[in-house]
Amino acid sequence: MSLSYKKKDFVSDQDVRWCPGCGDYAILSAAQQVFAKLDIPKENFVVVSGIGCSSRFPYYVNTFGFHTIHGRAPAIASGVKIANPDLDVWVVTGDGDALSIGGNHIIHAARRNVNMTVLLFNNRIYGLTKGQYSPTSDPGTKTGSTPYGSLDTPFNPITLMLGAGAGFVARTVDTQIPHMKSVIEAAHAYQGFSFVEILQNCVIFADKVFEHITEKGIRDSRQVNLMHGEPLVYGNDLEKGLQFTADGLKIVAADQADTWDAQQRDAAKAYQICQSQENGEFPVPIGIFHSVERATLDAQVHAQIAETTEKLGKGSLTSLLQSGEIWNVGEK
Amino acid sequence: MSLSYKKKDFVSDQDVRWCPGCGDYAILSAAQQVFAKLDIPKENFVVVSGIGCSSRFPYYVNTFGFHTIHGRAPAIASGVKIANPDLDVWVVTGDGDALSIGGNHIIHAARRNVNMTVLLFNNRIYGLTKGQYSPTSDPGTKTGSTPYGSLDTPFNPITLMLGAGAGFVARTVDTQIPHMKSVIEAAHAYQGFSFVEILQNCVIFADKVFEHITEKGIRDSRQVNLMHGEPLVYGNDLEKGLQFTADGLKIVAADQADTWDAQQRDAAKAYQICQSQENGEFPVPIGIFHSVERATLDAQVHAQIAETTEKLGKGSLTSLLQSGEIWNVGEK
Amino acid sequence: MTQTAQPTSLDEVVIRFAGDSGDGMQLVGNQFSNTSALAGNDLSTFPDYPAEIRAPVGTTFGVSGFQVRFASKKIHTPGDHCDVLVAMNPAAFKVHVEALKPGGILLVNTGNFDGKNLKKAGYETSPLEDMRYKEQFNLVEINLNTAVIHAVEGTGLSSKDALRSKNILALGMLYWVYSRSLEPTEQWLKEKFSKKPMVLEANLKALHAGVKIAENSELLQTQHTIAPAPLEAGAYKNLMGNAALSMGLVAGAELAELPLFLGSYPITPASDILHYLARYKNYGVVTFQAEDEIAAIAAAIGASFSGSLGVTATSGPGIALKSEAMGLAVMTELPLLVINVQRGGPSTGLPTKTEQADLLQALFGRHGECPVPVIAPYSSSDCFHAAIEAIKMAVQYMTPVILLSDASIANGAEPFLIPDLDSLEKFPAQKAKTEENFMPYRRDEKTLARPWAVPGTPGLEHRIGGLEKSDGSGDIDYSPKNHETMVGLRNDKVQRIANTYAPLAVYGEDQGDLLVVGWGSTYGAIRSAVRNAQSNGQSVSHVHLRNLWPLPLDLQDILKSFSKVLIPEMNSGQLLRILRSEYLIDAVGYSKIQGQPFATQEIYDHIQTIF
Amino acid sequence: MTQTAQPTSLDEVVIRFAGDSGDGMQLVGNQFSNTSALAGNDLSTFPDYPAEIRAPVGTTFGVSGFQVRFASKKIHTPGDHCDVLVAMNPAAFKVHVEALKPGGILLVNTGNFDGKNLKKAGYETSPLEDMRYKEQFNLVEINLNTAVIHAVEGTGLSSKDALRSKNILALGMLYWVYSRSLEPTEQWLKEKFSKKPMVLEANLKALHAGVKIAENSELLQTQHTIAPAPLEAGAYKNLMGNAALSMGLVAGAELAELPLFLGSYPITPASDILHYLARYKNYGVVTFQAEDEIAAIAAAIGASFSGSLGVTATSGPGIALKSEAMGLAVMTELPLLVINVQRGGPSTGLPTKTEQADLLQALFGRHGECPVPVIAPYSSSDCFHAAIEAIKMAVQYMTPVILLSDASIANGAEPFLIPDLDSLEKFPAQKAKTEENFMPYRRDEKTLARPWAVPGTPGLEHRIGGLEKSDGSGDIDYSPKNHETMVGLRNDKVQRIANTYAPLAVYGEDQGDLLVVGWGSTYGAIRSAVRNAQSNGQSVSHVHLRNLWPLPLDLQDILKSFSKVLIPEMNSGQLLRILRSEYLIDAVGYSKIQGQPFATQEIYDHIQTIF
Ligand SMILES: Cc1ncc(C[n+]2csc(CCOP(=O)(O)OP(=O)(O)O)c2C)c(N)n1
Ligand SMILES: Cc1ncc(C[n+]2csc(CCOP(=O)(O)OP(=O)(O)O)c2C)c(N)n1
Ligand code: SF4
Ligand code: SF4
Ligand SMILES: [Mg+2]
Ligand SMILES: [Mg+2]
């Protein structure tokens, strides 16, 4: 099948209503480009979101879209996909939507491995409600609800998803378009629950929170891109590398760098490299942390139905009503 | 202070209503023994639970107790502790209560580091509602709600908590009383959010699900006890050991075993050793996976209040009403 | 009780089996019911489980009861008091003896009236020594323990295992008293223990021993017969409400030609719906045990969006959690069925007991103007039909529907007349087809329903959500007049469902002194009480509402035709509040909030206070 | 509008500032309000934000409005139509021009009426060319852009930065027209820009330029004065409802001698309560931004259990999520305050708009019989007093209390009479003291409240929970009669709160033709409309309910003293339903469900249809 879509085929007729300069625009555009490339009939896409600036996303994409309620998108998407596995299901969510009110649904969708692609726009703030701190905000963040600075430790969305058993876990950046597109594509290609954290700049309430990682000048030395089968190198001239040792992660010369294996069953190294981000000495990992396939719940549900139907015979209204102990009254 | 309590001081006047043979009895008794040892005034204990067989626990302990609603115990306990940090707060919960409906509250309490001790009775089943599979049930488990076998991958409660950023994470077994007591004590001694998974046998709906790990004859070769500063050895004669290598965990002779470090900041090895449990070749880790202190939220909240009060002066009804722009009408 | 050798014929009998949770009372109760059903009696049963999974043996809170009423006439309730009480231990005796009618058979297993068991039940001395009981009842004392050990001798079973069959021995005794065939139970035992011949043999021996013992008992010399009831001709099966409801869901989805998707989270007394539907995999039913009630309804909404019939089942606390998502279904106008099997509240309340106190929550328990049709089955078998009706509403009007059952209906059973396949009218769901300029909120003129545009259909790509939307286009629209229009349309759409109702049936005269209005599980008790009052010549009629919202259009005229209106409810007057506000009638309520169904007698007595 | 050189005195004026979100309309609106307040006027304001954070510049949905009404008499609403409309761009013109009274001042920034901006607002040609507007209004066309750039020349600011002050220039113009002092705004600018002297200078220049321009304008030759209003003597501050509510919470906790704990999750329009209280750290207030609304109320319940006053604040969707936990608070009889700042529903609805459609949810939106007192402030300042009253109820009756505010009260402001400290009566919470045989459910005879036994108190160790409990001991108790007793007690306890109410105040005669009954934010519009009708000599009175549950004991008599009862509500008749069912009166409703408050005129007109 070749549908030769263009990006514009995935642009809806609705005015986009994000703040000028918001990182969401770039993500929308990258996603629309990826959608066009996938060669999947437009009508098979279902984009589900919760509530938040980020969750406005479905309105702007010319597919089936469902802007639901705060935090519940992964659960609603699970219903969509399990009921109708032919659909191509996407979840677009924010750090508040997915990790605050929706934390439980996303970890359960992850462990169950319902086949969907989750794009989490992490701007480390509640944008839509005008700027309260979120579960990913740095400690000490001053916001409307924390005028003297926030006190709680944030989640690392990547370790949270690894801990929950997600099969595909990745991270990308709103301003790094080619990287973003390749990660979204890989996430979609993965058959199962795939999770992409997108570092996204909110110009209004949390401007530049990722500057120290993503700014053009320093980006190359502050990020390491995890690519399966490629060496763990970074730096302006890719001169540095990372190596796993029995004592933990070490910074080494590029030629001594370990090769990244995103397909390790146990995700222990993904977890380890993630943790290094807490330590300013190490670069912040982006790219694909983990990608190991296992049977999806949606496929298994329908396989079990098929198997049981084969074994017990297809049920009909007659068999339903006539099952079990029955007696007759009168002439029947 | 020496209050010289006895276990019986922590026994309430209520009849215990678990099924005969239920693992909950042993946990209750162990906990009561630990409580008596802690030398904390009985009236300062608050035991909070959700709903489930396990959540009946507070009724049986002669302290302040709150049997709340399904899944919300960590959130209620957070309120108790933050409002009143002098109290000694315990949460007793089940795998359904804490990891199904309550999953979000427990991961948030963990990341926030509210000072409480959580005992999760994991029997891999919903006991109270008569035996449906839970988020920790093995795939293929046949229960009322999964007559043809369950399909979803379970959570590993330990990695979930590590991924969420819990500072103290441990596991013990209902039938291993001394181990259980020492782990509960260590959890309580930890200043912050401490999480203990207790493998618990439900005789009625999931009898013997842990048999392959916990049965007397095989226990020593199927478990490795993680003790900070002690070697990772196991086996009937403690003849085997575990070693971390760049390629992952290896089984070695006891004398080559690594020493367990539960206080590694990054918890990467805890995560790694946990994952090995999925692989039958390795022993299942129990004991203390991770124990790294950081400031608790409850302490920080009150420190911030003190600091702000010092800076702005203590507020009074007068200062409250008279703040901001004011004008007078008439003679006043 | 007279003593003759000839069986006497009785109209009806109520037996209550009571014993420890481990004594198998539910099992023998079910056996007696099935056997009586096969004998053509009408019947009604009510199990009464302890709240604990396995309460300590011998305690009063560990007592498990099962009441069965069987009759040669049409009956509607499991009966208030019983003619026979089987008490397997002192705790069962203590909890249930008050329910036995004077002169009734009190069959007691003396083998368990020992010091230990008496103490556990809180007796200092055996109540059997109290002459009162001997005088008041036909006290049949028998050591079932020794009797059964004796009976199964030779099977090779240990005494401990043999003791397990003492319930079957008691069953055998009652089979003799009521001239029941042993065959159905023999058949059932054979199937159940096909792989355990020793156990099978023991049970068969116990059953026959029971018959023998009864035959030879001095006290049980009277045998009775209960003729078949004049039931409507047809095939029957004995169904609990939750089972009937589950079958109704499968049938309804089939009639709508839709795949069925249940998203649910276990909760007493609704869990069985999940259990039943999980077995129906070969009917293509998808069941999804969610992480909580919110995820359960959310998944069901997702399933409905994607073209299935989404259903979710829970009890009060779960409804509370689902109320936000119900609003989303109202706003997005998707078909959805929300089942509430009510239990005692508030909060965790009395989780294993029955109550009707979630009606106002069903009507008004959401933020904003958020109308949802509400339907309440009135009996265990009606659950089947109500489920089909609810699905039809949901699909034809593109709306969530709430179905309010309760614990007494859910766990109670009665003969279910298996409907003729031809009598079940199909109502295939209409799904939108590919078209130009598709308008997701263009409404059907008659029903005001919007089209159901299922993902996968080319050309129907559209976006919906919880924000207010423009009628027609469905685009987000916050303008003042549009909001008022949409609030009105959502309300009108639901109100129009009342046009589809069958006329209300008044039991009794169309006008008169007193109209008793009920809803839900009180049907049986009200109907029987009204029948009794009518047979006194009192001018009292009964109307039972199955549709609680929108209210039936003919209700007002009926209400106005009676001088007084009485509304018995297992709550503090919730339907009462609705009817007073709608029709400004000075109706009075009669509340029972005890976690227990109304007794016929209670309602009858209350009616008498009005005359 | 006549043209004289002498300021004429006016009773009242309504100004509406409208422009792009970035134009600083809220800021100048607030400045004008504060200045007028300091001038002794009564005032009432209503901001109208766009739903988007930053909508694209120049679009109609990006228009931000602020209405201020100031008067020399007591007023109750921000006014229906305005005397002055400031329209900073074509979009603002389009959205608001209909609200301007004939003959009103239409001040337009022509600098933004260029092709691009006209197109964004959907105009093909400039509406200013339409003679209609010139004829109908006093059209003041001025290019604020060039005017402000000209005005700030010499400050060294770029034109782009200079443009930021055009709102201040417009403010200066209106200050001249209404003879306002510049001093308060000058003072405010000095504080705000103390560290940016260039910006300060520019703003001061713009302000003065505005005055000059107005003085010299041909069109604005009339100056007006508005005398101080006869307000009650005392100190005042201008407070939005959410601010007053937050202060009321701090004050109430102080009067109860309790630490205040707010557990909350952000949601429009309630988030500001979290924001305000988070600033009150030096009052010992603990704020906890929870992971969701359920955790927020759960933490508040935990805080109450441990001896604080637990409060949670949200809007409709959050209430839905909290309803299960509210049941727990009812069952465990803990003090708790649940605040609902209502917005347009159902579902996500119209999140920035106002509505009163959560009343029935507040009364009945829980499973089981689950009574909770409900109190609704009727104005922004009343939020302060209602919060204190709610806390008093919660603590004295050991019960959760629901406080129903709404978006129009929450964001609207009016002068708040700062109460005398002595007038605020203390009501120290009683906590149980160490005693033998402590009974956690032994009740106070008068209030039926149970004791509050706080952890840390030796000897009071006890266990509570959501299961039904024995009165007195609090032990779990499923027995039928106990449940009925407890349901009754929980209800009676709440009903007794009505004994503490002050008598209802009837505005107008005690009896007559028509009684208008309202609740919540409709107070101002109803009161003004009734006053107008009364001044026609019509027999109409007004009663406003602040306590919605339990209902006031004197309400029935009042209702029965009028031939007709009218209940205007921003819902489809929710209080109407309650009063009809309680008192069987044929009251009629008048609904407005547009996300907008009632206009005085609308209610007045509706009253006329009844006469
Ligand atoms: C039940 C409920 N609670 C709260 C809200 C208010 N609310 C809307 S969006 C949001 C947070 C959004 O944060 P995030 O997901 O990070 O999205 P962003 O706006 O930053 O993209 C909140 C608290 C709501 N709509 N519904
Ligand atoms: C809101 C709500 N949903 C569902 C239930 C029913 N329920 C009670 S306990 C339970 C599961 C208990 O499982 P677990 O926490 O593992 O406890 P266990 O009984 O196994 O110790 C459920 C589903 C409830 N009480 N409340
Ligand atoms: S508030 Fe922030 S996240 Fe939201 S649209 Fe504006 S810039 Fe983007
Ligand atoms: S059901 Fe299982 S977990 Fe519950 S009390 Fe019985 S044995 Fe224990
Ligand atoms: Mg965000
Ligand atoms: Mg469990």
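The shown structure was predicted, so the numbers you read here are calculated from the model rather than taken from an experiment. Chain identifiers are assigned alphabetically (A, B, ...) following the order of the sequence lines, protein sequences preceding nucleic acid strands; residue numbering begins at 1 within each chain.
- Side-chain contact annotation: C:T185 with C:Q31, donor-acceptor N/O pair under 3.5 Å present.
- In this structure, the portion of C:T332 lying under 4.5 Å from any heavy atom of chain A is its side chain and not its backbone.
- The side-chain heavy atoms of C:Y276 and C:L249, taken from C-beta on, include no pair separated by under 4.5 Å.
- When heavy atoms are compared at a cutoff of 4.5 Å, C:Y236 approaches chain A by way of both its backbone and its side chain.
- For the options C:G40, C:A325, C:A298, heavy-atom pairs under 4.5 Å to chain A are most numerous at C:A298.
- For C:E257 (side chain) and C:P428 (main-chain N/O), no donor-acceptor pair under 3.5 Å exists by modelled atom type.
- Here the closest heavy-atom approach between residue A:V34 and residue A:I184 is recorded as CG1-CG2, 4.1 Å.
- No side-chain donor-acceptor contact under 3.5 Å links A:H67 and A:R56.
- Comparing C:L417, C:D475, C:N34, C:L255 by how many heavy-atom pairs each has under 4.5 Å with chain A, the most go to C:D475.
- Proximity to chain A (any heavy atom under 4.5 Å) is shown, for C:L309, by neither the backbone nor the side chain.
- Looking only at heavy-atom pairs under 4.5 Å with chain A, the residue among C:A299, C:G465, C:P228, C:P259 that has the most is C:A299.
- The choice from C:I294, C:L231, C:L328, C:I297 that makes the most heavy-atom pairs within less than 4.5 Å of chain A is C:L328.
- Contact check for A:Y126 versus A:P135: side-chain heavy atoms found under the 4.5 Å cut-off.
- Between chain A and the options C:M331, C:M247, C:H462, heavy-atom pairs under 4.5 Å are most frequent for C:H462.
- Counting heavy-atom pairs closer than 4.5 Å to chain C, the top residue among A:Q304, A:H108, A:H70 is A:H108.
- A:Y59 and A:S49 form no side-chain donor-acceptor contact under 3.5 Å, judged by distance and modelled atom types alone.
- Contact tally against chain C (heavy-atom pairs below 4.5 Å) for A:A75, A:A83, A:S323, A:G65: the top residue is A:G65.
- Residue C:P230 does not touch chain A at all, counting heavy-atom pairs closer than 4.5 Å.
- Chosen from A:S78, A:S12, A:S316, the residue pairing most often with chain C at heavy-atom distances under 4.5 Å is A:S316.
- Side chains of C:T312 and C:K322: a donor-acceptor N/O pair is present below 3.5 angstrom, by distance only.
- Note: A:L317 leads A:N44, A:T318, A:L317 in heavy-atom pairs under 4.5 Å with chain C.
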Before you tell me yes or no, could you show the steps for A:F193 and A:I106 under side-chain contact (heavy atoms from CB on, under 4.5 Å), namely the whole-Å CA-CA distance, both residues' side-chain angles and the distance that decides it to 0.1 Å?
CA-CA 10 Å; A:F193 177 90; A:I106 202 159; 4.0 Å; yes
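- Chain A forms the most heavy-atom pairs under 4.5 Å with one residue out of C:L424, C:V286, C:T287, and that residue is C:V286.
- C:S33 and C:N238 share no side-chain donor-acceptor pair at under 3.5 Å.
- When heavy atoms are compared at a cutoff of 4.5 Å, C:L421 approaches chain A solely by way of its side chain, counted from C-beta outward.
- With a 4.5 Å cut-off on non-hydrogen atoms, C:P458 touches chain A through its backbone and its side chain both.
- At a threshold of 4.5 Å between non-hydrogen side-chain atoms, the residues A:K314 and A:S319 do not count as touching.
- Proximity to chain A (any heavy atom under 4.5 Å) is shown, for C:L460, by both the backbone and the side chain.
- Of the residues considered (A:L320, A:I326, A:N84, A:I107), A:L320 shows the highest number of contacts with chain C, using heavy-atom pairs under 4.5 Å.
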